[in-house]
Every structure is written in C-alpha cells, then in structure tokens.
Student: 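One structure coming up, written as structure tokens, with questions to follow.
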Amino acid sequence: MSGPIMPFTEANSRRVASLFRKALRTAFDSSLKFDAYRQETLKIRAQFEANKTVNNPDELEQIIRKTEVKLAEWKHPDPYIPPCRPGGTKYQRNIPLAKEKVVPGDW
C-alpha cells in the first residue's frame, strides 16, 4: 500500500473485510470442530467491532498492520482445502474424456 487509507471509505471497508475473512479462515484451519470454531469467530468479531470507530488514518493503518502480522503468525501450515477445489483430494479426479483424438496421427 502506498500510504494510509482514509477510514470509512470503500477501499478501507474492502481491506478490513478481507482481513476479517482471512481471520475466519485461519480460525477454521486451526479448529475443524464447529463449536470451537464458533467460539473463535465470536472472539474475532469482538476484536473487529472494538476497532470499528477508529477514525485516525495513522492509527487505523497501525491496527491493520498488526492484524496482518498476527494472521501471518497464526497461519496454519496445512490449511483445510475443500475436496473439489484446486489442491483438494478430489480435484479433477473424474475429469471428462477428451473429445478429440488423444494420440495424434491417422490409425
């Protein structure tokens, strides 16, 4: 980023929403049980709500940088990937057959 983003703008909202989604994904990777995950989501939401009214751009930038560092620190080494997504266990397992000839040439 080139400099601090003004609070209460669309760019700031997108940046904070992206951090919130990353925090939720990180929490899910750490605890695949729903009840433990739900407790973590409530804590994350409370932390984001506590900084909801910050209107000083420099302070806001500092909070966002701390959050990014914290997410990098808590990043799971083996994150959960849904089975059918790229990198998942079922990704391209039953791919459709090719419509053209697989082996070139006239046999």
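Note that these values count all heavy atoms, side chains included, but never hydrogens, waters or copies made by symmetry.
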Student: Side chains of Ile64 and Asn12: does their closest heavy-atom pair fall under 4.5 Å?
Tutor: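 Yes, their side chains come closer than 4.5 Å.
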Student: Can you check whether Lys22's main-chain N or O pairs, donor with acceptor, with Thr26's side chain at less than 3.5 Å?
Tutor: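 Between the backbone of Lys22 and the side chain of Thr26 there is a qualifying donor-acceptor contact (under 3.5 Å).
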Student: Going only through I, L, V, M, F, W and Y residues with side-chain contacts under 4.5 Å, is there a path from Val16 to Trp74?
Tutor: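 As far as the 4.5 Å side-chain criterion goes, Trp74 and Val16 are not connected within one cluster.
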Student: Can you see which heavy atom on Ser30 is nearest to which on His76, and at what distance?
Tutor: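 The pair with the smallest heavy-atom distance is CA-CD2, 4.0 Å.
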Student: Can a salt bridge be assigned to the pair Glu68 and Arg65 using a cut-off of 4.0 Å between side-chain N and carboxylate O?
Tutor: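 No salt bridge links Glu68 with Arg65.
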Student: Closer than 4.0 angstrom, basic N to acidic O: yes or no for Arg15 and Glu61?
Tutor: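 Salt bridge present between Arg15 and Glu61.
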Student: Distance from Leu42 atom CG to Gln47 atom CD, nearest 0.5 Å?
Tutor: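 If I round to the nearest 0.5 Å, the distance is 11.5 Å.
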Student: When rounded to the nearest 0.5 angstrom, what distance separates CZ in Arg14 from CG in Leu19?
Tutor: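 Here the interatomic distance stands at 14.5 Å.
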Student: Just grab all the salt bridge (charged side-chain N to carboxylate O under 4.0 Å, His left out) pairs involving residues 30-43, residues at least two apart or on different chains.
Tutor: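 Counting only pairs at least two positions apart or across chains, the salt bridge (charged side-chain N to carboxylate O under 4.0 Å, His left out) contacts touching residues 30-43 are Glu40-Lys43.
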Student: Decide yes or no on salt bridge (charged side-chain N to carboxylate O under 4.0 Å, His left out) for Glu49 and Lys52, but give the supporting numbers first.
Tutor: CA-CA 5 Å; Glu49 288 288 331; Lys52 184 175 167 179; 3.6 Å; yes
Student: Mind jotting down which residue pairs meet the ring pair (Phe, Tyr, Trp, His ring centres under 6.0 Å) criterion with at least one end in residues 77-100? Sequence neighbours excluded, please.
Tutor: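 Those involving residues 77-100 are Phe28-Tyr80.
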Student: Under 4.5 Å between any side-chain heavy atoms of Lys75 and Lys70, yes or no?
Tutor: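 With C-beta onward as the side chain, the pair stays apart.
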Student: Of the non-hydrogen atoms in Asp29 and Pro79, which two are nearest, and what is the gap between them?
Tutor: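 For Asp29 and Pro79, the tightest heavy-atom pair comes out as OD2-CB, 3.2 Å.
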Student: Over all heavy atoms of both residues, which pair between Val54 and Leu60 is shortest? Give the atoms and the distance, please.
Tutor: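 Heavy atoms only, the tightest pair is CG1-N, 4.0 Å.
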Student: Should Phe34 and Ile44 be regarded as members of a common hydrophobic cluster, given that ILVMFWY residues are connected when their side-chain heavy atoms come within less than 4.5 Å of each other, either directly or indirectly?
Tutor: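 Yes, because Phe34 and Ile44 connect within a single hydrophobic cluster, where side-chain heavy atoms sit under 4.5 Å apart.
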Student: Hey, could you give me the CG/CD1 distance between Asn51 and Ile63, rounded to the nearest 0.5 Å?
Tutor: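 Atom-to-atom, Asn51:CG and Ile63:CD1 are 4.0 Å apart.
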